[in-house]
Protein chains: 2
Amino acid sequence: MTSDTPRLRADAQRNVEGIRLAALDVFRAHGLNSPLDEVARAAGVSKGTIYHRFGGRQGLIDAVVEDLVAERIKGIITEVSAIDDPVERFESYLRQIWLLQYDEPAANDVLLRALPGSAPLAALCEHANRVAGGFLGEAQATGKIRDDLTSEDVYLLIWERGIIARACDQQHREGFTRSFEHTLRGLRSGS
Amino acid sequence: MTSDTPRLRADAQRNVEGIRLAALDVFRAHGLNSPLDEVARAAGVSKGTIYHRFGGRQGLIDAVVEDLVAERIKGIITEVSAIDDPVERFESYLRQIWLLQYDEPAANDVLLRALPGSAPLAALCEHANRVAGGFLGEAQATGKIRDDLTSEDVYLLIWERGIIARACDQQHREGFTRSFEHTLRGLRSGS
DNA sequence: ATGGTTCTTGACCATGACGTCAAGTAACGC
DNA sequence: GCGTTACTTGACGTCATGGTCAAGAACCAT
């Protein structure tokens with residue numbers, strides 16, 4: 001890690017920081033597709049600056065994704081990993097991810113792979129997916145979860161929930177959870 | 001029903017018909033939110049004519065919804081009504097509606113109530129909903145379908161599937177059906 | 001404090017949608 | 001045929017987004 005930054009001028013440095021903070025706010029509230037103008041306004045700069053500094057939405061996202069989303073997802077993974085019962089663990093994972101998707105539009109966008117072509121995002125997704133596959137396998141080993149389920153099915157379930165969450169727009173959390181419990185039940189063994 | 005049409009000029013008559021046909025095609029293919037320009041192009045008229053004749057998207061939709069969607073939904077209802085087993089009937093209804101949503105973006109838009117303020121559409125939805133409620137009740141009476149389900153739950157399930165179908169964009173029909181079977185299983189009684 | 005360099009700005013272009021209307025075109029009745 | 005009236009057109013105005021860039025502002029080393 002050489003300090004590959006050729007030394008930013010003081011004002012530029014300040015702006016970069018401000019933009020990152022603004023982006024965190026805006027993205028958290030409205031997802032990764034928020035107009036960059038909005039981020040610019042929140043940061044008190046003009047949108048040109050964002051393009052100049054980050055090269056566009058893609059770059060800006062890469063610059064904040066760690067603080068914005070990665071923590072949360074990793075948090076869920078470690079938290080859930082501590083659960084002993086494999087079935088419980090698997091179901092908990094899905095519930096937590098689903099709620100995350102509902103509560104954090106930005107995390108949802110990541111899980112939906114809404115930003116094709118960002119390495120860090122792809123990696124994050126990939127990781128979450130592998131973990132989910134692990135939980136699934138262990139849960140299936142108990143015989144209590146349908147053994148015709150695949151990792152892809154799990155990803156599909158997450159994708160679908162994400163699409164729904166996106167359309168909910170912070171209403172009906174009640175119905176959202178009620179409905180995913182139905183799906184969860186449908187994943188258990190026994191006709 | 002007096003012929004309240006003050007007699008359209010021959011060319012106008014022709015255009016109205018052409019627009020209706022074009023709208024059927026376009027709406028069927030891309031949903032009720034297709035650009036009116038596209039309908040106009042398909043009909044070989046200018047978009048001004050549509051506005052003049054139908055008053056905008058709303059009016060155009062009202063003018064074609066019967067041919068476009070109502071038939072299909074009513075068809076499903078009668079077809080499914082013929083099934084004897086209440087559980088089978090209820091589940092079949094959901095499956096059929098879900099597939100309809102997937103296959104016909106226009107029908108989907110109607111079921112999603114995407115066009116607030118159109119009387120015929122609202123009526124159609126309302127009807128479908130009442131029917132679904134009936135099927136649900138009868139299915140629950142057998143004890144094989146969870147009795148904590150309500151009509152609203154059913155509507156929610158349809159709404160959610162509609163949102164998903166809309167995002168699928170004619171791919172992954174396989175996954176779509178696979179996934180709704182999980183949900184369906186989750187509606188059955190027995191933990 | 002001044003010159004040279006780095007940074008920022010905001011006006012600008014583009015796209016794609018909605019909806020309107022004056023002016024032009026075409027059918028109809030006579 | 002021809003005037004009248006109904007009908008259609010397509011350019012125009014608007015809004016919301018993404019993205020660019022020449023020109024001006026800010027900084028920093030000297």
Side-chain angles (χ1 to χ4, degrees), chain A residues 3-23 26-27 29-64 105-106 109 114-118 121 166 169, chain B residues 3-23 25-27 29-64 105-106 109 114-118 166 169:
Chain A
S3 101
D4 51 357
T5 338
R7 210 66 133 319
L8 244 33
R9 226 170 66 180
D11 54 344
Q13 190 60 253
R14 223 180 309 128
N15 280 338
V16 166
E17 214 29 52
I19 292 170
R20 286 197 59 238
L21 293 180
V26 173
F27 285 162
H30 309 299
L32 299 181
N33 287 308
S34 319
L36 290 193
D37 306 27
E38 206 176 317
V39 176
R41 211 171 332 117
V45 302
S46 108
K47 113 181 109 156
T49 303
I50 296 184
Y51 281 97
H52 182 51
R53 281 289 158 237
F54 297 91
R57 153 165 291 118
Q58 192 68 71
L60 181 54
I61 290 173
D62 288 355
V64 298
D109 287 336
L115 291 309
S118 164
L121 263 55
R166 193 182 260 178
D169 259 340
Chain B
S3 100
D4 52 357
T5 339
R7 212 58 137 326
L8 244 32
R9 225 170 68 179
D11 55 343
Q13 191 59 253
R14 222 180 310 127
N15 281 337
V16 166
E17 213 29 51
I19 291 170
R20 286 196 60 236
L21 292 180
D25 279 358
V26 173
F27 285 161
H30 308 302
L32 300 182
N33 287 306
S34 318
L36 290 193
D37 305 297
E38 207 175 316
V39 176
R41 210 171 334 116
V45 301
S46 108
K47 118 182 101 157
T49 303
I50 297 184
Y51 281 97
H52 182 52
R53 281 289 156 237
F54 298 90
R57 154 165 291 118
Q58 192 67 70
L60 181 55
I61 291 172
D62 288 355
V64 297
D109 286 336
L115 289 308
S118 164
R166 193 182 261 180
D169 258 339

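In what follows, chains are A, B, ... by sequence order, proteins preceding strands, each numbered from 1.
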(message) Quick check: any donor-acceptor pair below 3.5 Å linking the side-chain of Lys47(A) to the base of dG19(D)?
(response) yes
Nearest whole Å is fine: how far is [N] [atom2] from [X] [atom1]?
{"X": "Arg41(A)", "N": "dT8(C)", "atom1": "CZ", "atom2": "P", "result": "19 Å"}
{"X": "Leu8(A)", "N": "dT8(C)", "atom1": "CG", "atom2": "P", "result": "8 Å"}
{"X": "Arg7(B)", "N": "dA27(C)", "atom1": "CZ", "atom2": "P", "result": "17 Å"}
{"X": "Asp37(A)", "N": "dC15(D)", "atom1": "CG", "atom2": "P", "result": "16 Å"}
{"X": "Ile19(B)", "N": "dT8(D)", "atom1": "CD1", "atom2": "C1'", "result": "10 Å"}
{"X": "Ile50(A)", "N": "dC21(D)", "atom1": "CD1", "atom2": "P", "result": "18 Å"}
{"X": "Asn33(B)", "N": "dG16(C)", "atom1": "CG", "atom2": "C1'", "result": "14 Å"}
{"X": "Gln13(B)", "N": "dC7(D)", "atom1": "CD", "atom2": "C1'", "result": "13 Å"}

(request) I would like to know whether Arg14(B) and Glu17(B) meet salt bridge (charged side-chain N to carboxylate O under 4.0 Å, His left out); could you show each step before the answer? (result) CA-CA 5 Å; Arg14(B) 222 180 310 127; Glu17(B) 213 29 51; over 6 Å; no
Which nucleotide, [options], lies nearest any side-chain atom of [X]?
{"X": "Arg9(B)", "options": "dG19(D), dC18(C), dT5(D)", "answer": "dT5(D)"}
{"X": "Val45(A)", "options": "dG19(C), dT9(C), dG18(D)", "answer": "dT9(C)"}
{"X": "Tyr51(A)", "options": "dA26(D), dG19(D), dA27(C)", "answer": "dG19(D)"}
{"X": "Ser46(B)", "options": "dC7(D), dT9(D), dC7(C)", "answer": "dT9(D)"}
{"X": "Asp11(A)", "options": "dC18(C), dC27(D), dA26(C)", "answer": "dC27(D)"}

(request) Return the 5'-most residue of the pair Ala10(A), Val16(B) with respect to DNA chain D, ranking by each residue's nearest nucleotide. (result)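 Comparing both residues, the 5'-ward one is Val16(B).
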(request) Map Leu36(A) and Thr49(A) onto DNA chain D by nearest heavy atom, then report which one ends up closer to the 5' terminus. (result)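 In this pair, the answer is Leu36(A).
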Rounded to the nearest 0.5 Å, what's the gap from [atom1] on [X] to [atom2] on [Y]? Could you check?
{"X": "Leu32(B)", "Y": "Arg57(B)", "atom1": "CG", "atom2": "CZ", "value": "8.0 Å"}
{"X": "Phe54(B)", "Y": "Ile61(B)", "atom1": "CZ", "atom2": "CD1", "value": "11.5 Å"}
{"X": "Asp37(B)", "Y": "Ser46(B)", "atom1": "CG", "atom2": "OG", "value": "9.5 Å"}
{"X": "Phe27(A)", "Y": "Arg20(A)", "atom1": "CZ", "atom2": "CZ", "value": "11.5 Å"}
{"X": "Arg9(A)", "Y": "Asn15(A)", "atom1": "CZ", "atom2": "CG", "value": "10.0 Å"}

(message) Which is more 5' along DNA chain C, the nucleotide nearest Gly48(A) or the one nearest Pro35(B)? Just name the residue.
(response) Gly48(A)
(request) Considering only NZ, NE, NH1 and NH2 on the basic side and carboxylate oxygens on the acidic side, decide whether Glu38(B) and Arg41(B) come within less than 4.0 Å. (result) no
(request) Assess whether side chain to side chain contact (heavy atoms under 4.5 Å, CB included) is satisfied between Arg166(A) and Asp109(A), documenting all intermediate values. (result) CA-CA 9 Å; Arg166(A) 193 182 260 178; Asp109(A) 287 336; 2.7 Å; yes
(request) Give me the residues of residues 52-63 of chain A where at least one heavy atom lies under 4.0 Å from an atom of DNA chain C, by number, or none. (result)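 Output list: His52(A), Arg53(A).
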(request) Return no unless some side-chain N or O of Asn15(A) is found under 4.0 Å from OP1 or OP2 of dT8(C). (result)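 Answer is yes, contact under 4.0 Å.
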